Amino acid sequence: MDNSQNQTPATTNFIKNIIENDLQTKRHTTIITRFPPEPNGYLHIGHAKSICLNFGLANTFNGTCNLRFDDTNPEKETEEYIQSIMNDVSWLGFKWHGEVKYASDYFDKLYECAEYLISQSRAYVCDLSFDEMKLTRGTLVNVGTNSPYRNRNADENLLLFRKMRDGEFEDGTKTLRLKIDMSSPNINMRDPIIYRIKKIHHIRTADKWCIYPMYDFTHCISDALENITHSCCTLEFADHRLLYDWIIHHLVNDGIISHTPRQIEFSRLELQYTVTSKRKLNELVVNNLVSGWDDPRMPTISGMRRRGYPKDGIHLFINRCGVSKSPNIMDLAVLESSVREVLEGNAKRLMAVLNPLKITLTNFDETIGSKKSPFHSKHENMGERMVELTREIYIEQDDFMETPIAKWQRLSLGGEVRLRHSYIIKCDEIIKDDNGNIIQLNCSIDKNTLGRNPEDRKVKGVIHWVSVTKSIPCIVRLYDRLFTKAEPDHHTSDFKQLINPNSLDEVNAYIEPAVNTLHPEEVVQFERLGYFVADRYDFNLTNKTYIFNKTVGLRDVWKN
RNA sequence: AGGGGAGUCGCCAAGUGGUAAGGCAUCGGAUUUUGAUUCCGACAUUCGCAGGUUCGAUCCCUGCCUCCCCUGCCA
């Protein structure tokens with residue numbers, strides 16, 4: 001499955017070190033991790049890091065990894081998101097252990113834990129309004145003040161909490177809070193809310209509940225119930241670990257739960273020229289700035305898939321990113337080179353011309369032959385096809401220059417060039433329109449150069465081409481980075497102002513007939529141009545709709 | 001009376017009291033019917049800054065600086 005570790009030397013990271021130590025010291029005999037998304041949006045490259053980390057850790061240490069939906073806030077969660085998340089995780093090549101888990105599976109147990117904490121006077125029902133709560137919480141530098149409801153006795157609290165559960169109070173009128181310390185320098189410890197009233201239909205529990213547990217209460221207990229050994233999350237939860245440990249400690253101590261999971265934080269993955277916040281991604285979709293969550297320009301997993309990024313390329317990229325606690329913004333080049341590295345050995349080669357310039361081969365006659373060429377010069381098992389030359393062909397406009405600049409290796413007036421997989425030709429004449437624009441070239445074939453090089457001279461340039469009569473029209477969508485700034489999140493202006501107006505260009509192109517051997521989602525290399533994927537939805541052989549998305553260009557050290 | 005996290009090459013990132021791995025990028029050069037690939041070679045006397053301990057410090061100690069996160073009944 002994941003063969004990308006062959007390409008990058010196995011590096012270690014602090015989480016692996018922790019696990020190795022836990023295994024060596026017999027603190028654990030096996031490890032269990034989990035990937036716990038909230039189903040409130042599509043997964044993006046940042047999630048890919050978490051997925052590769054959690055499932056990857058389980059794989060390398062022979063443990064298991066659960067997929068658990070953190071569905072504690074019914075306001076924003078949908079079945080569509082659940083499906084897309086399962087699809088994305090599977091597409092990345094990972095298998096979760098057993099059934100998919102849901103935090104909502106534990107609502108009964110969570111409720112039981114809450115009642116227990118109430119009985120121990122460790123939790124109380126609070127009547128403070130949202131605004132009063134905000135006022136009494138204190139600030140970053142000032143301590144909070146105790147709620148006037150903090151000292152309600154256990155019996156009263158239990159009664160009130162049950163009434164909350166039974167729907168006797170309106171949304172927002174009461175909460176259940178932990179009784180910890182309003183003067184704690186860590187705001188998460190200032191009597192955090194663990195249950196709130198929301199009379200909202202839940203995608204899984206329907207209308208069974210009208211109170212829902214908060215993240216801090218749910219997550220640690222869910223981890224404990226699933227016997228998670230290492231609960232890896234991003235750095236912004238580091239402040240919550242104290243609370244995580246507090247809840248687990250009291251529940252384990254009193255025998256209410258039996259396992260103590262450990263939370264470990266790592267830094268999130270950021271990528272140049274894009275944004276990775278569900279809110280901003282959603283804004284792009286809602287405002288039709290992209291075609292959807294899976295627009296090839298989106299950093300979503302489904303977007304990258306549609307862009308033609310192979311899953312192994314994403315794995316390789318994530319491996320190259322590493323895992324640490326330092327803030328980072330990955331260079332786009334790391335992602336692109338990872339994608340190229342995987343595609344280099346897997347993609348068939350084909351010729352396509354995106355900006356055609358017509359050439360007439362003036363000495364073309366019946367003696368001109370053709371030859372079969374492999375789809376990949378290093379992997380003959382990928383098959384071959386006939387590359388048939390005709391009297392009229394198209395080459396790329398960029399591959400011709402009337403008076404060549406220094407080191408020019410392509411075609412020029414009076415110059416020679418090799419037609420890829422075919423003959424060497426020479427440009428004899430340029431035909432221009434009334435405005436002086438080049439509209440056609442007349443060239444002659446050196447008939448002795450099919451499959452062999454001339455002995456009297458060296459022709460260095462090689463250009464791709466297609467036959468005017470044999471080639472097939474297709475549509476190619478050219479994608480560029482979505483934003484004009486490397487760090488669109490780090491500017492004060494609205495990030496939408498930084499959108500690259502030229503991130504999508506659609507051109508009518510010509511491709512050789514072997515396009516008929518492709519299937520949707522297959523990535524091919526258009527020789528000398530880059531990698532292109534047959535769109536998974538719009539490329540259709542039977543309808544003869546040939547639509548490609550540019551995945552990534554070839555590395556290009558040629559500067560002109 | 002703030003708390004938490006982080007600072008090692010342009011971007012990532014190992015590392016350790018014993019003299020700075022690796023990847024991407026970059027720059028040379030070779031091969032090439034893709035200016036691709038492949039292959040060779042170059043690329044931190046230095047680890048945020050300043051002191052201290054030590055035979056020896058990126059690593060230990062002290063002070064300072066910079067950046068990120070936290071004041072949802074979101075996760």
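What you see below is based on every heavy atom in this structure, not just the backbone, and it leaves out hydrogens, waters and symmetry mates. Quantities reported herein were computed from a predicted structural model and do not represent experimental measurements.
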Could you state the CD-C1' distance from A:Glu270 to B:C68, rounded to the nearest angstrom? 10 Å

Could you list the protein-to-nucleotides 33-36 of chain B atom pairs, N/O on both sides, closer than 3.5 Å?
residue	atom	partner	partner atom	Å
B:U33	O3'	A:Arg420	NH1	3.4
B:U33	O2'	A:Arg420	NH1	2.2
B:U33	O2	A:His421	N	2.8
B:U33	O4	A:Arg418	NH1	3.0
B:U33	O4	A:Gly451	N	2.7
B:U34	O2	A:Gln525	OE1	2.8
B:U34	O2	A:Arg528	N	2.9
B:U34	N3	A:Gln525	OE1	2.5
B:U34	O4	A:Arg349	NE	2.5
B:U34	O4	A:Arg349	NH2	3.1
B:G35	OP1	A:Arg528	NH1	3.0
B:G35	N7	A:Arg410	NH1	3.1
B:G35	O6	A:Gln409	N	3.0
B:G35	N1	A:Lys407	O	2.9
B:G35	N2	A:Lys407	O	3.2
B:G35	N2	A:Gln409	NE2	2.8
B:G35	N3	A:Gln409	NE2	3.2

Take atom C1' in B:G4 and the same atom in B:C43, then report the distance between them in whole Å. 37 Å

What integer distance in Å separates A:Asp181:CG from B:A1:C1'? 12 Å

Residues in ring-ring contact (aromatic ring centres under 6.0 Å, His included) contact with A:His421, at least two apart in sequence or another chain: none

Determine the Euclidean distance between corresponding C1' atoms of B:C11 and B:U19; express it in Å to zero decimal places. 27 Å

With sequence neighbours excluded, residues passing ring-ring contact (aromatic ring centres under 6.0 Å, His included) with A:His240: A:Phe237

C1'-based separation of B:G3 from B:A42 [nearest Å]: 47 Å

Over 60° means perpendicular and under 30° means parallel, so classify the ring planes of A:Trp293 and A:Tyr42, tilted if in between. parallel

Show me the protein contacts with nucleotides 73-75 of chain B, counting only N or O atoms at under 3.5 Å.
residue	atom	partner	partner atom	Å
B:C73	OP1	A:Arg137	NH1	3.4
B:C73	OP2	A:Arg137	NH1	3.1
B:C73	N3	A:Gly172	O	3.2
B:C73	N4	A:Leu128	O	2.9
B:C73	N4	A:Phe130	N	3.3
B:C73	N4	A:Gly172	O	2.8
B:C74	OP2	A:Arg196	NE	3.1
B:C74	OP2	A:Arg196	NH2	2.9
B:C74	OP2	A:Lys198	NZ	3.1
B:C74	O3'	A:Arg196	NH2	3.1
B:C74	O2'	A:Asn73	ND2	3.0
B:C74	O2'	A:Lys76	NZ	3.2
B:A75	OP1	A:Thr72	OG1	2.7
B:A75	OP1	A:Arg196	NH1	3.4
B:A75	OP1	A:Arg196	NH2	2.8
B:A75	OP2	A:Tyr215	N	3.0
B:A75	O3'	A:Asp70	OD2	3.3
B:A75	N6	A:His240	NE2	3.3

Write down the distance separating the P atoms in B:G51 and B:A13, rounded off to the nearest Å. 29 Å

Test: A:Lys174 cationic atom under 6.0 Å from A:Phe169 six-membered ring centre, within 45° of axis: yes

Go through the structure and list residues passing side chain to side chain donor-acceptor pair (under 3.5 Å) with A:Arg190, not counting sequence neighbours. none

Round to a whole Å and report the spacing from CG of A:Leu242 to P of B:G5. 11 Å

Residues in ring-ring contact (aromatic ring centres under 6.0 Å, His included) with A:Tyr423, at least two apart? none

For A:Lys372, what residues pass the salt bridge (Lys or Arg N to Asp or Glu O under 4.0 Å) criterion, not counting sequence neighbours? A:Glu384

Between protein and nucleotides 7-14 of chain B, map the contacts as a letter string: B base, S sugar-phosphate only, - none, heavy atoms under 4.0 Å, written 5' to 3'. ---BSSSS

Interatomic distance, A:Ile187 CD1 vs B:G3 P [rounded to whole Å]: 12 Å

Can you see whether A:Phe495 has A:Lys280 sitting over its ring - NZ or CZ less than 6.0 Å from the centre and within 45° of the normal? yes

Between CG of A:Asp245 and P of B:G3 the distance, given in whole Å, is 20 Å

What orientation do A:Tyr111 and A:Trp209 show, parallel under 30°, tilted 30 to 60°, or perpendicular over 60°? tilted

Expected label for B:G5 (glycosidic angle, syn inside 90° of 0, else anti) would be anti

Sticking with atom C1', work out how far B:A75 lies from B:U34, rounded to a whole angstrom. 48 Å

Pairwise C1' distance for B:C60 and B:U26, with rounding to whole Å: 37 Å

Between B:G5 and B:U62, how far apart are the two P atoms, rounded to whole Å? 16 Å

Test side chain to side chain donor-acceptor pair (under 3.5 Å) applied to A:Ser267 - qualifying residues, sequence neighbours left out: A:Asn328

Between A:Ile180 (CD1) and B:G3 (C1'), how many Å, whole number? 15 Å

Between B:G2 atom P and A:Arg190 atom CZ, what is the distance in whole Å? 12 Å

Please name all residues satisfying side chain to side chain contact (heavy atoms under 4.5 Å, CB included) with A:Gln409, sequence neighbours left out, ordered by chain then number. A:Lys460

If I pick the C1' atom on B:A20 and the same atom on B:A14, what distance separates them, to the nearest angstrom? 10 Å

Checking side chain to side chain donor-acceptor pair (under 3.5 Å) for the pair A:Thr78/A:Glu80: CA distance, chi angles, key distance, verdict? CA-CA 5 Å; A:Thr78 70; A:Glu80 178 198 349; 4.7 Å; no

Side chain to side chain contact (heavy atoms under 4.5 Å, CB included) partners of A:Cys321, counting only residues at least two apart: A:Leu269, A:Phe317, A:Met330

For RNA chain B, the expected dot-bracket line (Watson-Crick or G-U under 3.5 Å, [ ] crossing, | inter-strand) is .((((((..(((.....[...))).(((((.......))))).....(((((..]....))))))))))).....

Quick one: does A:Asn453's side chain get under 4.5 Å of A:Arg418's, heavy atoms only? yes

Assuming nearest nucleotide by heavy-atom distance, tell me which of A:Leu235 and A:Val141 is located more 5' along RNA chain B. A:Val141

Cation-pi, A:Tyr102 ring and A:Arg204 (6.0 angstrom, 45 degrees): yes

How close or far is atom P of B:G23 from atom CG of A:Leu335, stated in whole angstroms? 19 Å

Quick one: on RNA chain B, does A:Ala238 or A:Asn142 contact a more 5' nucleotide (nearest heavy atom)? A:Asn142

